[in-house]
Amino acid sequence: MKTAHIALLCAVATLANGQMLPVPEGQSTSWNSSFKFSPEQVKLGQLSPGFATSLEVILNFDRTQLANGGPSQDIFYNLTEGSSNIPPHAPGQVLKVEHVTNPVSYNIPAKTALSRIIYSSTNLNGTLIPASAYVLWPYKPKQFGLHSKGEPCRAPPKAKAPVVLWTHGTAGFYADAAPSTHRSLFYGDIIPFTLAQAGYAVIATDYAGLGVETSWDGSFVPHQYGAREANAGDALNALRAVRTTFSDRITDNYVVVGHSQGGSVSWGISEVLAKDDQQYYDVEKGHLGTLTFSPGINVLPQHPQFFLPWVGKFLSGVYPTFKLSDWLTPLGVSRTKLLTQVQGGQYFSELLFSNATEVVNPDWNSSYYADVFSKLANPGNRPYKGPMLIIQGTADPAALYNITLATYDSTCKTYPGDLELMTVPGAGHFPAMDASRQVWLKWIEDRFEGRPVESKGCVKSALESFLPVEQYQEVTQSFFQWSGAPSWFAQLPVGSY
Ligand SMILES: *[C@@H]1O[C@H](CO)[C@@H](O)[C@H](O)[C@H]1NC(C)=O
Ligand SMILES: *[C@@H]1O[C@H](CO)[C@@H](O)[C@H](O)[C@H]1NC(C)=O
Ligand SMILES: *[C@@H]1O[C@H](CO)[C@@H](O)[C@H](O)[C@H]1NC(C)=O
Ligand SMILES: *[C@@H]1O[C@H](CO)[C@@H](O)[C@H](O)[C@H]1NC(C)=O
Ligand SMILES: *[C@@H]1O[C@H](CO)[C@@H](O)[C@H](O)[C@H]1NC(C)=O
Ligand SMILES: *[C@@H]1O[C@H](CO)[C@@H](O)[C@H](O)[C@H]1NC(C)=O
């Protein structure tokens, strides 16, 4: 009420100054894209007219979510202009920096700021490749340890923002799926906005292949979906590059947070940091702990119609004897080509491949590549650098609770450590993060405050709901819509003030 009242006063004031309010207009959710499949593409994918229309709806919506038209139009993602250190000679080198990203075509919250960076990382076979990342900055950094151990309050040194290294879940498989190009940074309020508004600098890799699609030598950069260590390297190399660029602004200490695909990556980061190979010695020390939400484990047999194309499309670049037709039918192979042509994202591809009978080769698990990939992808059953908190909904249809539990149990048995599994009864894949927000914000805070974990060793816990679980909204029914054009200001809940 109060906000509406102020807005009204302002509007009157504007009119009293003799200025006109912009003429309000309606807005579609696909206002910035009008893609239609070509006849060749319809033929390639064997798309019936209704199916083609449904896929176009998703694509036009997804493309409308891309700030500045996305990587194909946004010169930031093109290494030809404004980059240095090319070719790089090591992973984690800064190739391009956009200190201040123009926030005007993003949905980031008021009084947060964005930077973007391109840096070197390595793919599965150790080849240097470019990758992009964003940093979402708080208005005021959260401060820790100012009143510790009864010491008198001293004037704090110039504040540095505490770092959360965020590894996102499945957005897609091509340049357009990079969170740094998504108006709401893809996870919006669920993770990055919440963290920045709580005072953290959120450092978030896109993962190689999302964002920058062409390397300095002109070669295509595939996204190695699910390759835990490669994706973990993308995150740790982003941290290195951001440290180089913004050393005076961020703490050396950091907490890792990841969900789903990124949950396997965050767990993978803890595993990579526990290795003796010294590959990431420079960033190991600042690691304070890892939060893993709903990690993707043993994904291939659960939804082969989705995961086989997502993985198979890059695997022949790693194993030259692998053929996509080992896993997919001829239609599955041609739909994967179509997916590549249009850079379809997660939901688009789930619809495109929804009929498993049509796309999956029933013999997919007779070649040994399924198990080769599972070893690359699955976290767990290895040493890890703790402490780690795994938060998992019991009703998660995408990352199954019993699989997380089984991996947790076997890991704890062989490698006991500070590893907690917290379940969220009745919660699905994303809502588990919403329900547990207080818990994980406190967990991150405790790590920066240097407090020991509340329960040492391998422990299981459950987050009890205040009201009976069935009273709660199950999943969100809304999304952020960019309404930054003056004719759309009327749609903003708080006007344009
Ligand atoms: C809409 O897309 C075009 C390119 O297709 C891009 O140049 C423009 O910046 C986009 N508009 C906004 C507000 O992001
Ligand atoms: C990058 O920009 C240059 C011009 O500056 C252009 O020639 C080149 O085609 C662009 N590369 C890509 C991959 O878009
Ligand atoms: C390494 O990966 C890149 C990109 O996937 C590929 O082009 C290259 O041939 C691979 N190199 C080796 C030695 O396998
Ligand atoms: C899936 O494809 C098969 C083979 O074309 C077809 O018989 C079946 O009806 C399809 N299923 C659905 C749900 O469309
Ligand atoms: C493939 O089949 C073997 C034998 O049945 C099984 O042990 C393995 O888990 C399967 N691999 C995947 C990725 O499902
Ligand atoms: C997990 O539960 C599903 C469905 O209830 C079942 O099909 C699957 O075999 C279970 N997996 C494990 C590892 O227990």
Side-chain angles (χ1 to χ4, degrees), residues 25 27-35 59-83 86 95-96 101-108 114 118 129-130 132 174-176 178 180-185 209-221 225-228 264 296-308 310-312 315 322 326-327 342-343 356 360-378 380-381 400 403 406-407 410 480-489 491-492:
E25 282 173 13
Q27 181 184 10
S28 82
T29 56
S30 54
W31 56 271
N32 213 19
S33 178
S34 55
F35 173 83
L59 209 55
N60 285 319
F61 173 75
D62 283 353
R63 291 185 176 183
T64 296
Q65 301 308 312
L66 303 178
N68 313 311
S72 61
Q73 325 239 355
D74 186 338
I75 194 74
F76 170 74
Y77 297 93
N78 183 331
L79 281 170
T80 313
E81 288 187 28
S83 51
I86 294 215
L95 306 183
K96 194 170 183 177
T101 301
N102 186 345
V104 146
S105 58
Y106 284 86
N107 294 328
I108 59 171
L114 195 64
I118 300 177
I129 40 159
S132 48
Y174 304 95
D176 277 358
S180 70
T181 199
H182 189 282
R183 295 185 196 279
S184 307
L185 307 179
L210 310 186
V212 185
E213 111 181 327
T214 307
S215 187
W216 45 82
D217 59 3
S219 64
F220 173 73
V221 183
Y225 181 87
R228 185 177 34 86
S264 309
I297 305 174
N298 279 338
V299 291
L300 294 185
Q302 293 176 44
H303 301 286
Q305 71 274 35
F306 306 144
F307 288 102
L308 295 178
W310 296 351
V311 171
L315 220 52
F322 172 81
D326 293 343
W327 281 2
V342 302
Q343 300 224 345
V360 173
N361 177 350
D363 285 339
W364 66 271
N365 189 16
S366 64
S367 77
Y368 78 109
Y369 293 107
D371 289 337
V372 167
F373 172 75
S374 297
K375 284 201 188 74
L376 290 177
N378 291 342
N381 302 306
L400 299 181
I403 293 189
T407 309
S410 57
F480 286 104
Q481 163 111 325
W482 186 86
S483 301
S487 56
W488 295 335
F489 284 173
Q491 301 173 141
L492 297 171

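Position 1 is the first residue of the sequence; numbering continues from there. In listed order, ligands and their atoms are each counted from 1.
Not a single donor-acceptor pair under 3.5 Å links the side chain of S132 to the backbone N or O of I118. In terms of modelled atom types and a separation under 3.5 Å, the side chain of S28 and the main chain of W31 share a donor-acceptor contact. Q27 contributes a side-chain N or O that, together with a main-chain N or O of W482, makes up a donor-acceptor pair within less than 3.5 Å. The backbone N or O of N78 sits less than 3.5 Å from a side-chain atom of K96, completing a donor-acceptor pair.
Residue W482 has no nitrogen or oxygen atom sitting less than 3.5 Å from a nitrogen or oxygen atom of ligand 1, judged on distance alone.
For the 3.5 Å distance criterion, the side chains of Q481 and Q491 fail to qualify, holding no donor opposite an acceptor. A side-chain N or O of N298 and one of N378 form a donor-acceptor pair less than 3.5 Å apart.
Contact shell of ligand 5 (protein heavy atoms, cutoff 4.0 Å): P301, W364, N365, A370, D371, S374.
Near E81, the atoms of ligand 2 lying under 4.0 angstrom from a non-hydrogen atom of the residue are 4 (C), 5 (O). Here is the list of ligand 1 atoms found below 4.0 Å of a heavy atom in R183: 12 (C), 13 (C), 14 (O). Using a 4.0 Å cut-off to heavy atoms of N78, the atoms of ligand 2 that qualify are 1 (C), 2 (O), 3 (C), 8 (C), 10 (C), 11 (N), 12 (C), 14 (O). Residue Q73 approaches ligand 1 through these ligand atoms, each under 4.0 Å from one of its heavy atoms: 4 (C), 5 (O).
When side chains are defined from C-beta on, W327 counts as touching L315, because their heavy atoms get closer than 4.5 Å.
Of all the heavy atoms of Y106, none lies under 4.0 Å from any atom of ligand 1, so neither backbone nor side chain is involved.
Remark: T214 OG1 to I129 CD1 distance equals 12.5 Å, nearest 0.5 Å.
Residue N68 forms a side chain to side chain donor-acceptor pair (under 3.5 Å) with just one option from T181, T101, D74, and that option is D74.
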